[in-house]
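For reference, the structure discussed in these notes is given below.
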Amino acid sequence: MPRNNELFERACHTIPGGVNSPVRAFRSVGGTPRFIKRAQGPYMWDANDTRYIDYVGSWGPAILGHAHPKVVKAVQEAAVDGLSFGAPTEAEIRIAEAIVERMPSIEKVRLVSSGTEATMTAIRLARGFTGRPKIVKFEGCYHGHADSLLVKAGSGLLTFGNPTSSGVPAEFIQHTIVLDFNNLHAVEQAFKEAGHDIACVIVEPIAGNMNLVKPVPGFLEGLRALCTQYGALLIFDEVMTGFRVGPQGVQGLTGIRPDITTLAKVIGGGMPVGAFGGRADIMEHLAPLGGVYQAGTLSGNPVAMAAGLATLELLSEPGFYDRLAAQTRKLTEGLTERAHAAGLPFCADSVGGMFGIYFSDTVPTSLAEVSQGNIERFKKFFHAMLIHGVYLAPSAFEAGFVSAAHDDAIIQETLDIAEQAFAKV
Ligand SMILES: *Cc1c(COP(=O)(O)O)cnc(C)c1O
């Protein structure tokens, strides 16, 4: 990997750790990160011109495959007309209309530039709307890197957590209550003790940042009921799941309506975009109508809007998600079969174009259970796949992503490589 090694060494001189987002550094699997030169459809090529079948898809956005010609064309056409104006454009209305039309719980939506911005502002809005300080989040759910969300659970119930990042004063997270994902009883207790101080519950309704972990039956329904009972807002962080698990996110799959939804990743089609939206009466608390401040120099950027709109249009083709889910299942079922044939404890799960693989006997339901999987075996498997041209997420705590460009031949090639890899781990 001479060129990758050379680039990584050079990057480390001017960029902390050589990367602009930590998971890219391969620290949890070891080895040198691949520097990508270009990507097309299901493939990426690194600096050595090695080709990989990509199951990261830019962590979700590349749902159509990389550099879909219609998305690239939309971006090129928008760019010719100007890159940014700092004034409103019609494209922003069109994407807002597309989101409101598709997402059941969103009546009004504001566009920002990242998922972090969307969740940070959604929480400010929930606090502004309810006039309450506390928020509830779940261990293993990631909601971007705003200070009050970088917190890990303490030991007992309602013990306030410790910051998971240095640079976050304890005072900044004193209003953040961290509970176990899928433990509704803990949420009931928290509301009993502090219910009238809780502004919101924020949750990844299908978690994708501790590997893939689905909610157990009744968990999301219970959150909805408790929030309604106590006058708190329910925030679905659908930054990853929005337009990824189905045409209407998890709220479409479950019928549960959050008060606020956050989006990013797929809605930008590969460009930096985030959004948060929900009930009109809540959204109207935002500036310039209301007292909750939020702004962004590049919010609703015209080039990003063009990429997002072109993507959303292509996702609306009939049968898109059925095909995507079927391809994803072919992958997970094929992997499971081959792992078991090699005598390994292994299981997998998927929803829409998102999947999890676990070196354990049962599908996990919490961060603690994910942590009990065989992480060392995952590392070996990751490298055995990478060396033969399959690029998986470089961590046992990340979900994987399949795109519309992953056809039967690509899945079969992946499974053939996996068969060899399983034999070696
Ligand atoms: C990726 C992600 C974020 C953060 O989005 P960025 O665009 O990386 O800031 C927030 N929430 C969830 C669920 C995510 O998957």
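Start at 1 and go down the list; that is how both ligands and their atoms are numbered.
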Using a 3.5 Å cut-off and no angle test, enumerate the donor-acceptor pairs between side-chain atoms of residues 63-75 and protein atoms at least two apart in sequence or in another chain.
unit_1, atom_1, unit_2, atom_2, d
His66, NE2, Asp54, OD2, 2.6
His68, ND1, Lys70, N, 3.0
Lys73, NZ, Glu77, OE2, 3.2

Distance-only donor-acceptor pairs under 3.5 Å for side chains of residues 206-222, two or more places apart:
unit_1, atom_1, unit_2, atom_2, d
Asn209, ND2, Glu204, OE1, 3.1
Asn209, ND2, Glu204, OE2, 3.3
Asn211, ND2, Ile357, O, 2.9
Asn211, ND2, Ala396, O, 3.1
Lys214, NZ, Asp349, OD1, 2.9
Lys214, NZ, Ser350, O, 2.9
Glu221, OE1, Gly218, N, 3.2

N/O to N/O under 3.5 Å, ligand 1 against protein:
unit_1, atom_1, unit_2, atom_2, d
ligand 1, 7 (O), Gly115, N, 2.8
ligand 1, 9 (O), Gly115, N, 3.4
ligand 1, 9 (O), Thr116, N, 2.8
ligand 1, 9 (O), Thr116, OG1, 2.6
ligand 1, 11 (N), Tyr142, O, 3.2
ligand 1, 11 (N), Asp237, OD1, 3.4
ligand 1, 11 (N), Asp237, OD2, 2.7
ligand 1, 15 (O), Asn209, ND2, 3.1
ligand 1, 15 (O), Lys265, NZ, 2.6

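Ring pair Phe359/Phe381 is perpendicular by interplanar angle, where above 60° counts as perpendicular and below 30° as parallel. Using cut-offs of 30° and 60° for the angle between ring planes, the Tyr55 and His406 rings count as tilted.
Residues satisfying the side chain to side chain donor-acceptor pair (under 3.5 Å) criterion with Arg132, sequence neighbours excluded, are absent altogether.
Centroid-to-centroid, the aromatic rings of Phe320 and Phe243 stay 6.0 Å apart or farther.
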